[in-house]
Amino acid sequence: MSQAAADRRPRRHRRTRVLVGWLVFAVLLVLVAALAWVGVRGVLAADQLRRALPIASSIQTAVLSGDSGTAATEAAELRTRADKAHALTSDPVWAVMAKTPWLGPNLRALGGVSASAASVTDNGLDAITSLAGKIGADSFKPKNGALDVAPLASAAPALAKANAAAQAAEKTAAGVSTHGVIGPLASAVTQYKDKIGEVSTFTDAASRAAALLPGMLGQSGPRSYLVLVLNNAELRSLGGIPGSVVHVTADQGKISLDSQYSGASFGPYDGPITKLADPTNQLFGEITGEYMQDVTLTPRFDQSAQLATAMWQQRFGQTVDGVITLDPVALKYILKATGPVTVGAGTPAQTELTSQNVVKSLLSDVYARFSVPADQDAFFDAASAAIFQKLASGDFEPQAMLGAFAQIGSEHRMNVWSSDAAQRKILAGTTLVGGPPNSAPGEQRFGVYLADGTGSKMDYYLHTQVQTGRLTCSKVGALYVVQVKLTNGLTAADAQKLPEYVTGGGAYGVAIGTIRTQVTTYGSPDVEFGSAFDSKGAAEPVKFVKDGDRSVAQYVVDLKPGQSSTVRLVFNPKKGKSGKIAADVTPQINPVSNSTGRFTCETVLK
């Protein structure tokens, strides 16, 4: 090799090293710039979203109160902030950096909620704000004994558009993962998900109400309904026995109470009033269709409603257009909005019912005050009528009443069935149609239903705890667990002081003071029943029935005063099916503890 060539090689190596160095420096510079770019934009976007969250609540309040000016002003600000957040998180640099390992999950999370916020403000906000001053909380308040259904009917298209946008935005938000996202941002994402969930719940309820109420309240002609007032002191799957049957008529928004009868006055019939589905007969027996007080044994409210309407038609020759149920705890929430009502004014039985005493008065005190069942029924009927008249008068704060019915719905204390197929379609998927429950995406929802077997009113003293859990065991794979703990809250001494009408007096082979409960657990369509054990690990005798695509496990437990029973039910998911576990439980007098439990493979594999 010549000397010249030898001299050129080191110079080429030096130039190569310098070039590589500059390239590395340039890449690092671009990376730093990109990090700074997305960092600054991320902070700005997060700030826009943080400021936007309270505005959403302000708009909802303004629309409900009819403040169109505030609604328009707040809507403009909300749209501006949401669009800015989306613009800050959707440029090409952001898209590239969102694919990086550590930073990526954080950027994707922030970009996802920004896109969700922009979507709902761009596609649904105008529809919502256009209703301010036209429809609000006052639209759901009767005037001169009638509810003006015309504004609700005219608002239906706008509400449907707003709801479609809100549901799409919630779906986008639900797809945003917080896995690998730093704590503060993950918390903010969760807050946004909660808020958009509140908004979508509001728009869904409002849209369905606007579509349903005009027709159900007789805009096109009179409609008639049975209102079954349930007694939770004697449990049935849907909440209690129908203690009172009320016939009402709705015509052009005006609701009239036509007649009222004790539930005990219907039946027994010579066999079921209509043919029962085989699973219903296997689980709850023919009495489901032989007594009005037993039509709510099944959690399938469509069956309960059709049995009730058949019983009414056979007795009075009248068809009805729908069936509604409410229980005394629901009446408690209604009285929070209406204030007290007086029952039996000017008689020895005069009572002022308030939200604080209505449950105890109707489900406990009444049995001590009146020894004759007919007198108990009369008081129950009078209380229902007094609360109905208060509602029909419109003498209440409408926003408080909307809140009351929202709580009633969330606790499954109201069921609605319509003979109109189009109305049933609108009701489908709501909490108003009864069980078994439908599972949300990524969820496996179970139904736990209780029914009294004592033949009395002892469920006033029943306390219920339900715990659910999902775990994976090496030998069998995934498992779903539903644990039900029932407690008799009475002492033996207190039981002896109760009237026979409450204890059952030893009827049906149940000792005085004992609570007999039938527990029926419906699995989701994606699971099969596996096994059942008591708290000591002993196998629990269980009846297994298939109700359509549902696996159903049923057992009966007797509880002496002060006694508890814990039963753990294990279900196996079908191949490829999984999801977060949850449960709906029969609404009761005492609050139900419904929570996630901690289970181990050792405790569920016996």
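Worth knowing before you read on, the calculation uses all heavy atoms, side chains too, and leaves out hydrogens, waters and symmetry mates.
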Is any side-chain heavy atom of L427 closer than 4.5 Å to a side-chain heavy atom of R208?
no
May I ask you to test the M216-Q423 pair for a side-chain heavy-atom distance under 4.5 Å?
yes
Residue pair A211 / I426: nearest heavy atoms and the distance that separates them:
CB-CD1, 3.8 Å
R470 and F599: CA distance, side-chain angles, deciding distance, side-chain contact (heavy atoms from CB on, under 4.5 Å) verdict
CA-CA 8 Å; R470 179 182 182 276; F599 303 101; over 6 Å; no
Answer yes when D452 and R516 have at least one side-chain N-carboxylate O distance shorter than 4.0 Å, and no when they do not.
no
Would you check if there is a donor-acceptor pair between the side chains of Y333 and E411 at a distance under 3.5 Å?
yes
Decide whether D278 and Q282 meet the rule of one side-chain donor and one side-chain acceptor closer than 3.5 Å.
no
Any non-hydrogen side-chain atom of V567 less than 4.5 Å from a side-chain atom of V557?
no
Which atom pair, heavy atoms only, marks the closest approach of T296 to I241?
OG1-CA, 4.2 Å
When N357, N231, L331 are each screened for side-chain contact (heavy atoms from CB on, under 4.5 Å) with L362, the one that passes is L331
Knowing that exactly one of L498, T487, N590 qualifies, which makes a side-chain contact (heavy atoms from CB on, under 4.5 Å) with Y461?
L498
To the nearest 0.5 angstrom, please state how far the NZ atom of K425 sits from the CG atom of L212.
13.0 Å
Please give me the minimum heavy-atom distance between L569 and A553, naming the atom from each residue.
CD2-CB, 4.3 Å
Under 3.5 Å, is there a donor-acceptor pair between the S265 and S262 side chains?
no
So, D294 and T288: side-chain donor and acceptor under 3.5 Å apart, yes or no?
no
With no hydrogens and no angle check, is any side-chain donor or acceptor of R413 less than 3.5 Å from a backbone partner on Q588?
yes
On a heavy-atom basis, the closest approach of L276 and G285 is CD1-O, 3.6 Å
Short side-chain to backbone donor-acceptor contact, D321 and Y225, under 3.5 Å:
no
Between OG of S418 and CD1 of I324, what distance do you get to the nearest 0.5 Å?
9.5 Å
Euclidean distance, L213 CG relative to L152 CG, rounded to 0.5 Å
6.0 Å
Indicate yes or no: at least one non-hydrogen side-chain atom of T503 is less than 4.5 angstrom from one of S456.
no
With no hydrogens and no angle check, just 3.5 Å: does a side-chain donor-acceptor pair link Q303 and T280?
yes
Let me see the working for D534 and R568 under salt bridge (Lys or Arg N to Asp or Glu O under 4.0 Å), right down to the final yes or no.
CA-CA 6 Å; D534 64 19; R568 186 172 295 157; over 6 Å; no
Please answer whether the main-chain N or O of A310 pairs with a side-chain N or O of R315 as donor and acceptor at a distance below 3.5 Å.
no
Non-hydrogen side-chain atoms of D302 and V433 separated by less than 4.5 Å
no
Treating Q554 as the side-chain partner and T521 as the backbone partner, does any N or O pair qualify as donor plus acceptor under 3.5 Å?
no
Distance from K171 atom NZ to S116 atom OG, nearest 0.5 Å?
12.5 Å
Ignoring hydrogens, what is the shortest heavy-atom contact between G239 and L235? Give both atom names and the distance.
O-CD2, 3.3 Å
May I ask you to decide if V176's main-chain N or O and K193's side chain share a donor-acceptor pair within less than 3.5 Å?
yes
Go through it in stages, so that I can follow the logic: the residues are S410 and T431, the test is side-chain contact (heavy atoms from CB on, under 4.5 Å), and I'd like the CA-CA distance, side-chain angles, deciding distance and then a yes or no.
CA-CA 7 Å; S410 69; T431 60; 6.0 Å; no
Polar side-chain atom of D459 near backbone of L462 as donor-acceptor pair, under 3.5 Å
no
Approximate separation, where rounding is to 0.5 Å, of L238 CG and L228 CG
10.0 Å
Are Y367 and Y460 an aromatic pair, judged by ring center distance below 6.0 Å?
no
Exactly one of Y522, Y480, F446 clears ring-ring contact (aromatic ring centres under 6.0 Å, His included) with F571, and that residue is F446
Any side-chain donor-acceptor pair under 3.5 Å between Q260 and S244?
yes
Fit a plane to each ring of F266 and W312, take the angle between them on a 0 to 90° scale, and name the class: parallel (under 30°), tilted (30 to 60°) or perpendicular (over 60°).
parallel
Check whether any side-chain N or O of K336 sits under 3.5 Å from a backbone N or O of Q356 as a donor-acceptor pair, and report yes or no.
no
Any salt bridge between K574 and D526, counting N to O under 4.0 Å?
no
Using modelled atom types only, decide if a donor and an acceptor are shared between the side chain of S200 and the backbone of I196 within a distance under 3.5 Å.
yes
Can T298 and S304 be said to form a side-chain contact (heavy atoms from CB on, under 4.5 Å), step by step?
CA-CA 7 Å; T298 172; S304 303; 3.5 Å; yes
What is the distance from atom CG of L559 to atom OG1 of T454, rounded to the nearest 0.5 Å?
9.0 Å
Around Y508, counting heavy atoms of other residues, nucleotides and ligands shown, do more than 12 lie under 6.0 Å from its OH?
no
Could you go through K580 and E443, starting from their C-alpha distance and side-chain angles, then the distance that decides it, and tell me whether this counts as salt bridge (Lys or Arg N to Asp or Glu O under 4.0 Å)?
CA-CA 5 Å; K580 179 181 177 183; E443 177 187 68; over 6 Å; no
Any salt bridge linking R424 with D420? Criterion: basic side-chain nitrogen under 4.0 Å from a carboxylate oxygen.
no
Measuring only between side-chain heavy atoms, which start at C-beta, is V227 closer than 4.5 Å to F388?
no
Between F301 and G434, what is the shortest heavy-atom contact and its length?
CB-CA, 4.1 Å
Salt-bridge present (K546, E528; N to O < 4.0 Å):
yes
Kindly say whether S237 contributes a backbone atom to a donor-acceptor pair with the side chain of T586 at under 3.5 angstrom?
yes
Over 12 non-hydrogen atoms of neighbours within 6.0 angstrom of CG in D270
no
Validation row: T566, Q483 side chains within 4.5 angstrom (heavy atoms)
yes
Test side-chain contact (heavy atoms from CB on, under 4.5 Å) on H247 and T249; report intermediate values, then the result.
CA-CA 7 Å; H247 185 273; T249 299; 4.0 Å; yes
Side chain of Q444, backbone of I581: donor and acceptor closer than 3.5 Å?
no
For residues M311 and Y269, determine if any side-chain heavy atom of one lies less than 4.5 Å from a side-chain heavy atom of the other.
yes
